[in-house]
Chemist: 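Sharing a structure here in structure tokens format.
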Amino acid sequence: MSNYDIERIKSMLGTHADFPKEGIVFKDMFPVFQDPTAVEALITNIVHHLTSTHKEKIDVVVGLDARGFLFGPLIALRLGAAFAPVRKAGKLPGDCARAVYAKEYGEDVFEIQKSAIKPNARVVIVDDLIATGGSAGAAGELIKKCDGKTVEYVFVMELDFLNGRKVLDAPVYSLIHL
Ligand SMILES: O=P(O)(O)OC[C@H]1O[C@H](OP(=O)(O)OP(=O)(O)O)[C@H](O)[C@@H]1O
Ligand SMILES: Nc1ncnc2[nH]cnc12
């Protein structure tokens, strides 16, 4: 993706001071979805990155509740991989693995259906944004609990100043650095 495209997408992001809490500068990626050419460009970039980096098949793309659901299924479809959701606690039926975590503006609990990740499945975890890395780290913990293998974490945006990638146990790819 050219620097021009990256700057174009950056210029579409909303920036909201003191949302959802005082002291947080919230980066809103929903305006990007007003331009399908921008969505197409960023999905194509991520899929190209994954196909050129991973020689072995990616079995499952895991998306994080809720904004990760906007990107995960599109990427999974293009890779010919399965998609599985990590959801906030109490939303998924059946036997679930569970992880408690802290994120930039609060605490939460994530779950995944154990049946979604087969032993040794090669997993890519996808989300819209990494801040502290708490959410993605908890998702990685869930994949471990299911005996899967996280081969990469992928984010559309990364808040570089929080250095959230340091808590993750696999390579990290982010398209837009803020
Ligand atoms: O790196 P962290 O500090 O963990 O923060 C990043 C997470 O925070 C946001 O999700 P949020 O829990 O607000 O949920 P949403 O997607 O439902 O808005 C964002 O979509 C990431 O999942
Ligand atoms: N600053 C931020 N903007 C948007 N989403 C977030 N999730 C965690 N921190 C965030």
Side-chain angles (χ1 to χ4, degrees), residues 1 6 9 29 32-33 36 38-103 108-159 163-177:
M1 197 172 193
I6 291 193
I9 291 175
M29 57 85 213
V32 176
F33 282 85
V39 178
E40 168 68 32
L42 70 84
I43 295 295
T44 297
N45 173 282
I46 289 170
V47 169
H48 178 261
H49 165 77
L50 290 170
T51 52
S52 55
T53 305
H54 298 276
K55 301 290 168 247
E56 277 185 69
K57 185 177 178 343
I58 293 162
D59 298 306
V60 188
V61 173
V62 164
L64 309 192
D65 190 350
R67 285 173 264 157
F69 298 171
L70 296 163
F71 300 102
L74 294 176
I75 294 166
L77 200 61
R78 294 219 193 157
L79 291 175
F83 173 77
V86 160
R87 294 218 63 186
K88 308 273 167 67
K91 301 285 188 183
L92 288 172
D95 192 13
C96 291
R98 183 182 171 89
V100 178
Y101 65 97
K103 60 185 166 186
D108 236 314
V109 183
F110 266 164
E111 290 181 343
I112 194 167
Q113 289 170 316
K114 288 183 182 167
S115 58
I117 308 294
K118 306 285 178 261
N120 300 317
R122 291 168 53 80
V123 173
V124 170
I125 292 175
V126 172
D127 207 357
D128 66 319
L129 176 146
I130 176 168
T132 65
S135 308
E141 225 180 280
L142 293 179
I143 301 311
K144 265 199 194 118
K145 285 184 180 176
C146 295
D147 298 321
K149 179 172 170 48
T150 301
V151 297
E152 191 153 2
Y153 293 85
V154 170
F155 304 96
V156 177
M157 299 178 276
E158 177 166 359
L159 303 185
N163 197 18
R165 57 171 62 218
K166 73 178 178 301
V167 305
L168 303 181
D169 58 355
V172 175
Y173 179 73
S174 301
L175 190 51
I176 295 169
H177 293 266

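For the single chain, residues carry numbers from 1 onward in sequence order.
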Chemist: Restricting to pairs with a member in residues 38-66, which pass ring-ring contact (aromatic ring centres under 6.0 Å, His included), not counting sequence neighbours?
Modeler: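 For residues 38-66: His49-Tyr173.
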Chemist: Quickly, which of Lys103, Arg87, Lys91 forms a salt bridge (charged side-chain N to carboxylate O under 4.0 Å, His left out) with Asp108? Name it, please.
Modeler: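 So, applying the salt bridge (charged side-chain N to carboxylate O under 4.0 Å, His left out) to Asp108 and each of Lys103, Arg87, Lys91, only Lys103 qualifies.
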Chemist: Please report the shortest heavy-atom distance between Ala138 and Phe110, naming the atom on each side.
Modeler: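 That closest heavy-atom pairing would be CB-CD1, 4.1 Å.
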Chemist: Quick check: do Met29 and Leu70 have side-chain heavy atoms less than 4.5 Å from each other?
Modeler: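 The answer is yes, as the side chains (C-beta and beyond) meet within the 4.5 Å cut-off.
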Chemist: How close do Lys145 and Ala97 get, counting heavy atoms only, and between which atoms?
Modeler: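 Reported closest heavy-atom pair: CB-CB, 4.2 Å.
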Chemist: Within the side chain of Asp95, is there an N or O that forms a donor-acceptor pair under 3.5 Å with the backbone of Lys114?
Modeler: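 Answer holds: no.
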Chemist: Could you state the interatomic distance from CZ (Arg78) to CG (Leu50), rounded to the nearest 0.5 Å?
Modeler: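 Spacing of CZ (Arg78) from CG (Leu50) equals 12.0 Å.
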Chemist: When you compare the side chain of Ile9 with that of Met1, does any pair of heavy atoms fall below 4.5 Å?
Modeler: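 Result yes, sub-4.5 Å side-chain heavy-atom pair found.
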Chemist: Apply side-chain contact (heavy atoms from CB on, under 4.5 Å) to Ile75 and Val47, showing your working.
Modeler: CA-CA 6 Å; Ile75 294 166; Val47 169; 4.2 Å; yes
Chemist: Using modelled atom types only, decide if a donor and an acceptor are shared between the side chain of Gln113 and the backbone of Pro93 within a distance under 3.5 Å.
Modeler: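 Answer holds: yes.
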Chemist: Identify the heavy atoms of Val167 and Gly133 that sit nearest to each other, and give their distance.
Modeler: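 Closest pair (atom of Val167, atom of Gly133, distance): CG2-O, 3.6 Å.
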Chemist: To the nearest 0.5 Å, what is the distance between NZ on Lys149 and NZ on Lys144?
Modeler: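 The distance works out to 9.5 Å.
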Chemist: Could you check Val32 against Leu42 for side-chain contact (heavy atoms from CB on, under 4.5 Å), going step by step and ending with a plain yes or no?
Modeler: CA-CA 10 Å; Val32 176; Leu42 70 84; 4.1 Å; yes
Chemist: Can you name the closest pair of heavy atoms from Gly148 and Ile117 and give their distance?
Modeler: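 Where Gly148 meets Ile117 most closely, the heavy atoms are CA-CG2, 3.8 Å.
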Chemist: Which pair of non-hydrogen atoms, one from Val60 and one from Ala84, has the smallest distance, and what is that distance?
Modeler: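 Heavy-atom minimum between the residues: CG1-CB, 3.8 Å.
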Chemist: Taking all atoms of both residues into account, what is the closest heavy-atom pair of Ala81 and Asp59, and its distance?
Modeler: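 For Ala81 and Asp59, the tightest heavy-atom pair comes out as CB-O, 3.6 Å.
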Chemist: Passes side-chain contact (heavy atoms from CB on, under 4.5 Å), Ile143 versus Ile112? Steps please.
Modeler: CA-CA 8 Å; Ile143 301 311; Ile112 194 167; 4.0 Å; yes
Chemist: Could you note down all residue pairs passing ring-ring contact (aromatic ring centres under 6.0 Å, His included) where residues 57-92 supplies at least one of them, sequence neighbours left out?
Modeler: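 Sorted pair list: Phe33-Phe71.
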Chemist: Roughly how far, to the nearest 0.5 Å, is the CG atom of Leu129 from the CG atom of Leu159?
Modeler: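 Going from CG on Leu159 over to CG on Leu129, the span is 4.5 Å.
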Chemist: Does anything in residues 117-128 form a side chain to side chain donor-acceptor pair (under 3.5 Å)? List the pairs, not counting sequence neighbours.
Modeler: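 Passing the test, one end in residues 117-128: Arg67-Asp128.
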Chemist: Decide, yes or no, whether a salt bridge links Glu111 with Arg98 under the criterion of side-chain N to carboxylate O below 4.0 Å.
Modeler: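 Looking at Arg98 together with Glu111, the answer is yes, because their closest N to O distance falls below 4.0 Å.
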Chemist: Passes side-chain contact (heavy atoms from CB on, under 4.5 Å), Phe155 versus Ile176? Steps please.
Modeler: CA-CA 8 Å; Phe155 304 96; Ile176 295 169; over 6 Å; no
Chemist: Is there side-chain contact between Ile6 and Asn45, with at least one heavy-atom pair below 4.5 Å?
Modeler: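 No, too far: nothing below the 4.5 Å cut-off.
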Chemist: With heavy-atom distances below 4.5 Å as the criterion, would you say the side chains of Leu77 and Val61 are in contact?
Modeler: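 Sidechains of Val61 and Leu77: no contact.
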Chemist: May I ask you to decide whether Lys166 forms a salt bridge with Glu158, counting only side-chain N to carboxylate O separations under 4.0 Å?
Modeler: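 No, Lys166 and Glu158 are not salt-bridged.
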